[in-house]
Amino acid sequence: MKVRKAVIPAAGLGTRMLPATKTVPKEMLPMVDKPVLQYIIEEAVAAGIEDILIVTNRAKSAMDDYFDYYPELEHRLEAAGKEKELEAVKQAADLANIFYVRQKETKGLGHAIWRSKRFVGDEPFAVLLGDDIMRSKTPVIGQIIAQAERYDSSAVGVQQVSDEVVSKYGVIKAEPLDERVFAVRDMQEKPALAEKFSNYAILGRYVLRPEIFDILENQAPGYGGEVQLTDGLKKLSVQGKMVAVDFEGKRYDTGNLKGFLEATIDFSLEHPETGEWLKEFLKEKAAAL
Ligand code: G1P
């Protein structure tokens, strides 16, 4: 069955980026000239997704305002002949059909996904975590969707990470099925280094079949006292209903300061308005270090 819907959980408190994220949602921080969330929505749209649900909370209404029209600003830009800015402002509101639901209680990623049950209904859906920006030739979520459709299964996007960071992720136990595709046999959320199944970490992209909702509904809190999505997926994986895709592309974790700065520098170097200038600036800085 075709994947037509996506869910973006964006109801976290942004505690790794305080104090900046006290009143500005971390998903709305500017990545060069667009908010982080826009890159994630653009990836979903590029993969053919039409309907997107953002799981939000009471402190994050800046997200729904951003993907709406803003007539006063648009009239002002039009009158001033600022066509490029006008186009950019309107384009954000026209990207996709965007829906919102509030998580209401901060109970973890698994609980946030469970809140999308009414939106999703009875079909497979994509999940894109709100802090992970991907750079790739083919949209990363499109790579995961292709394998989920091929194997008629749930699927997660993975890449190998080092021992230093593996305990920050959901990790899979898997056997190869095809080039860059694995059958997942088991999963664990943020394992201790000595207990890790592998170095293949789940990096913020999933395609889930709707049976996940019944699992999440009854699931006890796990790591950190929160309802973990990985614990729900583990149940699907031990039943043989999960594949993993070692996706092509670079992932930036913009939910922590270093990842955010790395993405800012890389994207600014590629940006037509800042690229050349930043190259010179960095050379000068590096020479003075
Ligand atoms: C979440 C998931 C984890 C995944 C990670 C990166 O953790 O629970 O399984 O590996 O995102 O996408 P968080 O970074 O929110 O602690």
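Order of listing sets the numbers, starting from 1, for every ligand and every atom in it. Keep in mind that the numbers below use all heavy atoms, side chains included, and drop hydrogens, waters and symmetry copies. Bear in mind the structure is a predicted one, so any value in this text is a computation, not a measurement.
In this structure a side-chain-to-backbone donor-acceptor pair under 3.5 Å is missing from Q188 to D231.
Side-chain contact between Y70 and D65 is absent, with no heavy atoms from C-beta onward closer than 4.5 Å. Between D131 and V36 there is no side-chain heavy-atom pair separated by less than 4.5 Å.
Look at Q188 and you'll find every heavy atom at least 4.0 Å from all atoms of ligand 1.
In terms of polar-atom proximity, L109 is not counted as a contact of ligand 1, lacking any N or O under 3.5 Å from an N or O of the ligand. Backbone and side-chain nitrogen or oxygen atoms of G204 are examined, and one is located within less than 3.5 angstrom of a nitrogen or oxygen of ligand 1. Taking distance alone, with nitrogen or oxygen atoms compared against 3.5 Å, E189 approaches ligand 1 more closely than that limit. Checked by distance only, ligand 1 and R16 stay at 3.5 Å or farther apart across all their nitrogen or oxygen atoms.
Annotation for Q103 and A11: closest pair OE1-CB, 3.2 Å, computed over non-hydrogen atoms. The shortest non-hydrogen separation linking D51 to I49 is O-CG2, 3.5 Å. Contact between A148 and A155 at its shortest, heavy atoms only, is CB-CB, 3.9 Å.
Judged by the 6.0 Å and 45° rule, K250 forms a cation-pi pair with Y252. Cation-pi check for K5 over F119 is met; the charged atom lies under 6.0 angstrom from the ring centroid and within 45 degrees of its normal.
Remark: ligand 1 atoms within the under-4.0 Å shell around heavy atoms of G170 are 3 (C), 4 (C), 9 (O), 10 (O). Per-residue contacts place Q228 under 4.0 angstrom from the following atoms of ligand 1 (heavy atoms of the residue considered): 8 (O). For ligand 1 and D132, the ligand atoms under 4.0 Å from any heavy atom of the residue are 12 (O). Those atoms of ligand 1 that come under 4.0 Å of a heavy atom in L203, given as number and element, are 12 (O). If you number the atoms of ligand 1 from 1 as listed, the ones under 4.0 Å from a heavy atom of K190 come out as 7 (O), 8 (O), 13 (P), 16 (O). The ligand atoms of ligand 1 that sit less than 4.0 angstrom from a heavy atom of T230 are 9 (O).
Counted within 6.0 Å of CZ on R76, heavy atoms from surrounding residues, nucleotides or ligands total 12 or fewer; the atom is thus considered open.
Distance from atom 10 (O) of ligand 1 to its nearest protein heavy atom, with residue and atom name: I202 O, 2.6 Å. The shortest contact between atom 1 (C) of ligand 1 and any protein heavy atom is with L129 CD1, 4.0 Å.
With a 4.0 Å heavy-atom cut-off, ligand 1 is reached by no atom of R205.
Inside a 4.0 Å radius of atom 13 (P) of ligand 1 there is at least one protein heavy atom.
Taking the six-membered ring for Trp and the full ring otherwise, F213 and F125 have centroids separated by under 6.0 Å.
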